[in-house]
Amino acid sequence: MIKIHFLEKKIKYKFINKKILILSLTHRSYNNNHNERLEFLGDSILNFIITNKIYKKFYNFQEGTMTRIRSKLVNKKNLFKIAIKIKLYKYILLGNGEIKNNKKIYKKSILANTLEAIIGAIFIDSKNIKIIEKIIKYLFFKNQILNKKYNFKDYKTILQEYLQKIKLPLPKYYLGKTKGKDHKQIFTIYCKIKNFNKISKGISYNKKNAEQIAAKNILINLGLI
């Protein structure tokens, strides 16, 4: 029998109905009564809560940017990373054939889908969306993208959409100095916003990356990240 109380400690939730937790851990290769319905529910809940969090936190951003931020959080790769972090592979119930195919650690889709099923199970067990929000915040937001200095690379888009929002001219990027040999040059790119008394620079081996760094520095100066 799997020791589910260890998993409950990792996800910061103690189930009233242990059977719903067991069901969320049951792969279809193990039993006809499996976790796919809970996975469907958990996926919808996860998307809603993270979308709502992004909407409230990034009030200056347009739909496209918010969609890209959400995709950084809600994707199979990130779900897999979280599942590995809580060692979810220790608790999943798999059929013998699936275990042989996946060796020690199960494939990404199984771990990601099981994590979504657990979210669905917590919602059914708790009947409380606030509890789910708290758990998702713990699992997904801690040291991740939605911290103040979030790991989101499209800084030029963020800056452009912010300036459009406050009705200021779009930034201008121009090349400053270039150092190094032809095959390994270092570029300095300046970012300037007209009528805003803001200028920053980015330095990189790649012009586009230097522009991103310059845009990021403006955003930091504005207190947006």
Problem set entry | Under the side chain to side chain donor-acceptor pair (under 3.5 Å) test, residues paired with Y13 that sit two or more places apart | D125
Exercise. What residues form a side chain to side chain donor-acceptor pair (under 3.5 Å) with T178, not counting sequence neighbours?
Worked result: none
Is the shortest heavy-atom distance from the side chain of [X] to the side chain of [Y] under 4.5 Å?
| X | Y | value |
| --- | --- | --- |
| L159 | L170 | no |
| F140 | N78 | yes |
| I49 | K53 | no |
| K192 | Y174 | yes |

Apply salt bridge (charged side-chain N to carboxylate O under 4.0 Å, His left out) to [X] and list each qualifying residue two or more places apart in sequence or on a separate chain.
| X | answer |
| --- | --- |
| K201 | none |
| R28 | E36 |
| K207 | none |

For this session: Taking atom NZ of K18 as the centre, report whether more than 12 heavy atoms of other residues, nucleotides or ligands fall under 6.0 Å from it.
Result: yes
Problem set entry | Pi-cation contact, Y173 with K156 (under 6.0 Å, within 45°) | yes
Exercise. Do N217 and S200 meet the criterion of a side-chain donor-acceptor pair at a distance under 3.5 Å?
Worked result: no
Exercise. Does a side chain donor of either N47 or D43 reach within less than 3.5 Å of an acceptor in the other side chain?
Worked result: yes
Exercise. Sequence neighbours excluded, which residues qualify as side chain to side chain contact (heavy atoms under 4.5 Å, CB included) partners of K172?
Worked result: none
Exercise. Sub-3.5 Å donor-acceptor pair from the side chain of N75 to the main-chain atoms of K72, do we have one?
Worked result: yes
